[in-house]
2 protein chains.
Amino acid sequence: MLFSTKAEYGVRLMVELGRQPDSGPVSLSSVAEAERLPLSYLEHLVAKLRRAGLVTSTRGAHGGYSLAHPATEITMLEVVEALEGQIAPMECFHESPEGKVLCSHESNSDRACATKLLWTRVQSGVNRALLGTTLAELVEFSKPAGERAKGEPAKAAAPA
Amino acid sequence: MLFSTKAEYGVRLMVELGRQPDSGPVSLSSVAEAERLPLSYLEHLVAKLRRAGLVTSTRGAHGGYSLAHPATEITMLEVVEALEGQIAPMECFHESPEGKVLCSHESNSDRACATKLLWTRVQSGVNRALLGTTLAELVEFSKPAGERAKGEPAKAAAPA
DNA sequence: GCCCAACCCGACCAATGCTCTAGGATTTAG
DNA sequence: CTAAATCCTAGAGCATTGGTCGGGTTGGGC
């Protein structure tokens with residue numbers, strides 16, 4: 001598996017928040033029930049999303065979580081990275097802050113790192129998919145067919 | 001990490017085999033030394049590649065492994081799948097033999113599976129990258145710059 | 001002012017998979 | 001025959017995953 005359930009559950013959580021745009025904060029327990037996910041595990045995941053600035057929390061009675069930004073401005077790259085950490089296809093494959101690709105195996109040999117070309121392409125493919133998918137699209141997609149295509153249509157991104 | 005070292009080591013192994021096209025079988029220990037990888041671990045990996053029909057083995061003294069097909073006809077999708085198993089972005093995401101996408105969460109709710117759109121795009125991005133990269137390209141890429149671009153040039157595939 | 005819903009936090013735990021080693025059995029060139 | 005090599009199975013050691021548990025803290029409603 002490329003990703004763990006952290007990404008799966010976390011994205012579902014975000015979609016659930018995105019479905020009620022302006023009805024105040026949504027409690028975690030209602031999300032847990034709707035998606036049939038363990039509440040106490042969701043607490044850990046939502047904490048990561050909060051620390052990443054993707055959701056805001058309001059404490060106390062009738063509290064809960066809300067999206068920190070409009071769903072059209074939240075890309076899946078942000079969400080998945082907040083949940084799973086930096087996305088790299090391989091352990092030895094890191095991007096420095098300036099965007100250069102580093103590979104710890106490179107010094108192993110006089111030759112160029114054979115796999116760098118491959119992992120670069122894979123990462124680029126994943127990044128394009130994640131960056132080109134907004135939360136708004138998933139919210140729209142999750143609605144029953146009859147309900148779709150009303151309101152502002154989600155920005156169409158690069159097709160699958 | 002998207003992939004484990006199984007893919008990394010296995011691809012390196014394949015590249016090493018691809019560098020000596022017609023000089024008989026290559027022993028695992030020479031590969032292990034050249035790439036500084038643990039020999040006994042490589043044995044497990046090469047067994048998977050053999051069972052997948054990607055390499056052939058010749059036993060006994062002066063034995064070793066060779067590519068079962070020309071490097072231009074081996075895609076990284078075959079190699080990585082042989083090593084890591086079926087590639088799916090998420091546990092709940094399977095492709096049936098007819099190519100239909102199944103999702104075990106779909107029955108959880110009256111709504112469409114919110115994450116299916118996302119994982120479909122991710123998988124398609126990864127597949128394109130893996131399918132569009134041949135072993136011959138990596139072999140070429142791994143040569144020192146001066147040595148490249150001689151012989152038949154590797155088929156240029158979809159750029160990163 | 002209390003209660004309770006809800007967020008918050010850290011410790012813990014079982015299961016799984018990854019990385020790698022050990023030890024041997026089998027095959028074959030020289 | 002012997003050395004080199006593939007082949008096979010059985011694990012050890014470790015990190016991660018996917019949770020659970022118990023207890024805080026906050027704040028609205030009665």
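Each chain gets a letter, A, B and so on, in the order the sequences are listed, and its residues count up from 1.
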Answer whether the closest heavy-atom distance between the side chains of B:Glu137 and A:Leu118 falls below 4.5 Å. no

Any side-chain heavy-atom pair of B:Glu91 and A:Glu8 under 4.5 Å: no

Taking only the side-chain heavy atoms of B:His62 (C-beta and beyond), determine which of C:dG30, D:dT20, C:dC8 contains the nearest atom. C:dG30

Give the nucleotide from the list C:dA25, C:dC7, D:dA4 with an atom nearest to the side chain of B:Ala61. D:dA4

Pick base, sugar-phosphate or nothing for [X], based on heavy-atom distances below 4.0 Å to the nucleic acid.
X: A:Ser27; value: sugar-phosphate
X: B:Ser40; value: base
X: B:Arg51; value: nothing

Please check the phosphate of C:dC18 (OP1 and OP2 only) for any side-chain N or O of B:Tyr9 closer than 4.0 Å. no

If the plane angle is over 60° it's perpendicular, under 30° parallel, otherwise tilted; pick one for A:Tyr41 and A:Tyr9. perpendicular

First of A:His44 and A:Leu39 reached from the 5' end of DNA chain C, by closest nucleotide: A:Leu39

Between [atom2] of [N] and [atom1] of [X], the distance in whole Å:
X: B:Arg59; N: D:dC7; atom1: CZ; atom2: C1'; value: 5 Å
X: B:Leu28; N: C:dC20; atom1: CG; atom2: C1'; value: 15 Å
X: A:Lys6; N: D:dG18; atom1: NZ; atom2: P; value: 7 Å

A:Glu78 side chain to A:Thr75 main-chain N or O, any donor-acceptor pair under 3.5 Å? yes

